[in-house]
Amino acid sequence: MAGSRVRAVGALRAAVGVALLAAPKAISRNDDADFTLLMRTIGVRDLVLGTGALLGGAGPGGPLWGRAALASDSLDVVVGTLSIPKVGLGGGLVAALLPVPFAAADVWSLRG
């Protein structure tokens with residue numbers, strides 16, 4: 001059961017990665033080149049983690065991919081929270097809260 005959950009979350013993450021790579025401005029109408037680069041680098045990370053979970057989820061490596069994704073998302077929450085003094089409350093909260101649903105999905109995928 002956990003393997004199929006890891007694969008399902010991996011498929012979602014890979015799809016988000018492809019979307020961020022292909023259309024980073026779909027997240028925001030921000031024309032800043034730095035923002036576009038940031039969205040694409042997040043897309044690369046999500047595509048790699050998602051593909052790994054999707055392909056390895058049914059095997060013994062599945063939980064490892066799920067834990068790697070959870071670690072990544074959890075650290076995103078921490079880094080976003082710690083960035084509030086530098087980027088302001090609004091930007092910091094967005095950075096801290098955006099990965100929370102993915103972290104919750106990672107926890108769900110590793111249960112059972």
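- Annotation for V48 and W65: closest pair O-CZ3, 3.8 Å, computed over non-hydrogen atoms.
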* Would F102 and V16 satisfy side chain to side chain contact (heavy atoms under 4.5 Å, CB included), going step by step from the backbone distance to the final call? -> CA-CA 11 Å; F102 284 97; V16 168; 4.0 Å; yes
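- The backbone N or O of L47 sits less than 3.5 Å from a side-chain atom of T51, completing a donor-acceptor pair.
- Linking Ile, Leu, Val, Met, Phe, Trp and Tyr residues whenever their side-chain heavy atoms come within less than 4.5 Å leaves V100 and L70 in two separate clusters.
- Salt bridge absent: R111 and D106 never bring a charged side-chain N and a carboxylate O closer than 4.0 Å.
- Taking all atoms of both residues into account, the shortest heavy-atom contact from R40 to L21 is NE-O, 3.0 Å.
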What pairs of donor and acceptor atoms, side-chain ones from residues 81-94 against any protein atom, are under 3.5 angstrom apart with sequence neighbours left out?
| unit_1 | atom_1 | unit_2 | atom_2 | d |
| --- | --- | --- | --- | --- |
| T81 | OG1 | V77 | O | 2.8 |
| S83 | OG | G80 | O | 2.7 |

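- Other members of a hydrophobic cluster containing L37 are absent, since no ILVMFWY side chain comes under 4.5 Å of it, directly or through relayed contacts.
- Within the 4.5 Å cutoff, no side-chain heavy atoms of D34 are placed close to those of L38.
- Closest approach of V9 to A105, counting heavy atoms only: CG2-O, 3.7 Å.
- V44 and I42 are members of different hydrophobic clusters when ILVMFWY side chains are connected at heavy-atom separations under 4.5 Å.
- R13 approaches L49 most closely through the heavy-atom pair CD-CB, 3.6 Å.
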* Asked: Could you go step by step and tell me if L12 and R7 meet the side chain to side chain contact (heavy atoms under 4.5 Å, CB included) rule?
  -> CA-CA 9 Å; L12 174 64; R7 292 182 73 196; over 6 Å; no
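- Across all non-hydrogen atoms, the minimal contact from T36 to K25 is OG1-CE, 3.8 Å.
- Scanning all heavy atoms of the two residues, the minimum distance from V6 to S109 falls at CG2-O, 3.6 Å.
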